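Everything numeric in this text was worked out from a predicted model, so none of it was measured. Naming convention: chains lettered A, B, ... in sequence-line order (proteins, then strands); numbering from 1 in each chain.
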Amino acid sequence: DAKTTQPPSMDCAEGRAANLPCNHSTISGNEYVYWYRQIHSQGPQYIIHGLKNNETNEMASLIITEDRKSSTLILPHATLRDTAVYYCIVDEGYGGSQGNLIFGKGTKLSVKP
Amino acid sequence: GAVVSQHPSRVICKSGTSVKIECRSLDFQATTMFWYRQFPKQSLMLMATSNEGSKATYEQGVEKDKFLINHASLTLSTLTVTSAHPEDSSFYICSASNRRDWYQETQYFGPGTRLLVL
């Protein structure tokens with residue numbers, strides 16, 4: 001079973017920020033939070049990951065709470081091409097353990113014009 | 001960087017034939033490669049993990065004699081579905097692990113191969 005809980009679906013208006021929440025209350029100290037997304041009929045795309053600190057890259061920002069029990073992925077200016085299923089995954093990310101990325105059901109984000 | 005390709009993107013075959021799918025990491029050497037399977041409206045399920053030069057490790061319930069994995073180099077892994085049957089029709093996705101620093105790896109996924117067995 002996935003170690004994370006995400007809302008099954010969300011809508012966002014084009015051009016607005018999309019904030020996708022994820023709960024991971026049983027995360028252990030050496031586990032990272034990874035975010036991937038899967039656009040229909042394509043392989044998952046890596047977005048961002050973090051351990052404790054907030055992270056930002058050219059795609060998104062990741063905000064992790066101080067107790068690390070939840071996080072939020074932020075797409076600052078959502079476009080129609082951001083419509084996808086977004087997966088939040090916790091994993092140690094080392095030594096082959098990252099092989100068994102457990103993909104839950106994710107959040108289906110629909111960006112609307 | 002961190003691009004993974006798969007070939008073919010789509011294949012249709014007759015029941016009983018074998019199909020080979022290639023997975024390549026184009027701009028990095030992968031420490032490990034993985035094969036996943038995804039049925040319609042379901043999430044990805046890991047089938048096997050492979051390291052270059054060694055035998056693949058299969059997940060429980062995945063037949064290693066049916067899904068042959070060869071990891072010939074640090075940039076190439078192949079999955080052969082032997083004696084394919086209609087129930088093997090699925091979306092097969094590979095990924096490659098890129099060690100960005102000494103303690104952390106990130107998996108990058110290929111675009112997937114859609115297999116239809118008639």
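Cluster annotation: B:Phe91 and B:Val81 are assigned to distinct hydrophobic clusters (Ile/Leu/Val/Met/Phe/Trp/Tyr, side-chain heavy-atom contacts under 4.5 Å, transitive). By the rule that hydrophobic residues join a cluster once side-chain heavy atoms approach within less than 4.5 Å of another member, B:Val62 and B:Leu46 end up as members of separate clusters. In this structure, B:Phe109 is not a member of the same hydrophobic cluster as A:Ile48, with clusters built from ILVMFWY side-chain heavy atoms closer than 4.5 Å. A single hydrophobic cluster is not seen to contain both A:Val85 and A:Leu73; linkage of ILVMFWY side chains at heavy-atom distances under 4.5 Å, directly or through other members, places them apart. B:Met45 and B:Met33 end up in different hydrophobic clusters when Ile, Leu, Val, Met, Phe, Trp and Tyr side chains are linked at under 4.5 Å.
Looking at B:Ser43, its side chain does come within 3.5 Å of a backbone N or O of A:Phe103 through a donor-acceptor pair. Listed for the A:Tyr32 side chain is no donor-acceptor partner under 3.5 Å among the backbone atoms of B:Thr106.
Residue B:Gln6: no heavy atom, backbone or side chain, is found under 4.5 Å from chain A. Looking at A:Gln38, the atoms closer than 4.5 Å to chain B (heavy atoms on both sides) all sit in the side chain, from C-beta outward. Heavy-atom distances place the side chain of B:Ile93, and not its backbone, under 4.5 Å from chain A.
The two residues A:Tyr87 and B:Gln38 have their closest heavy-atom pair at OH-NE2, 4.2 Å.
In this structure, A:Met10 places its CE atom where more than 12 heavy-atom neighbours from other residues, nucleotides or ligands lie under 6.0 Å away.
A distance of 7.5 Å separates OH in A:Tyr36 from OG in B:Ser95, rounded to the nearest 0.5 Å. Between A:Leu101 atom CG and B:Phe34 atom CZ the span is 7.5 Å, to the nearest 0.5 Å.
Taking the six-membered ring where the residue is Trp, the centroids of B:Tyr108 and A:Tyr34 are separated by 6.0 Å or more.
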